[in-house]
Amino acid sequence: MANPDQKTILIDNAFEEIKNICINLQNDTNASNLEVKILLKLVLNEWEEKEKQKTSFGFR
């Protein structure tokens, strides 16, 4: 097996951390899978919007 590069390691680590955060959220709040998915989609949408603002030159 080839050695994974640093980017792959970081992505794998981030995935595991996010998964653990979601599990802990469900354990602490009894949130459903659907509620966690909605929350993750909201976070992703917010992140994408901020990235778009950073890289935008004012064109729409």
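Note that the CD atom of E49 and the CG atom of L44 stand 11.5 Å from one another [nearest 0.5 Å]. Within the model, atoms CG of N45 and NZ of K50 stand 12.5 Å from one another, a figure rounded to the nearest 0.5 Å. The distance from atom CD of E35 to atom OG1 of T29, rounded to the nearest 0.5 Å, is 7.0 Å. The distance from the CG atom of L25 to the CG atom of N20 is 12.5 Å, given to the nearest 0.5 Å. Expressed to the nearest 0.5 Å, how far CD of E48 lies from CD of E46 amounts to 10.5 Å.
For L34, the side-chain contact (heavy atoms from CB on, under 4.5 Å) test picks out S32, I38, with sequence neighbours left out. Applying the side-chain contact (heavy atoms from CB on, under 4.5 Å) rule to D5 yields the partners K7, T8; only residues at least two apart in sequence or on another chain are considered.
Taking the side chain as every heavy atom from C-beta outward, N33 and Q26 approach each other to under 4.5 Å.
No continuous path of hydrophobic side-chain contacts links I18 to I23 [ILVMFWY only; heavy atoms under 4.5 Å].
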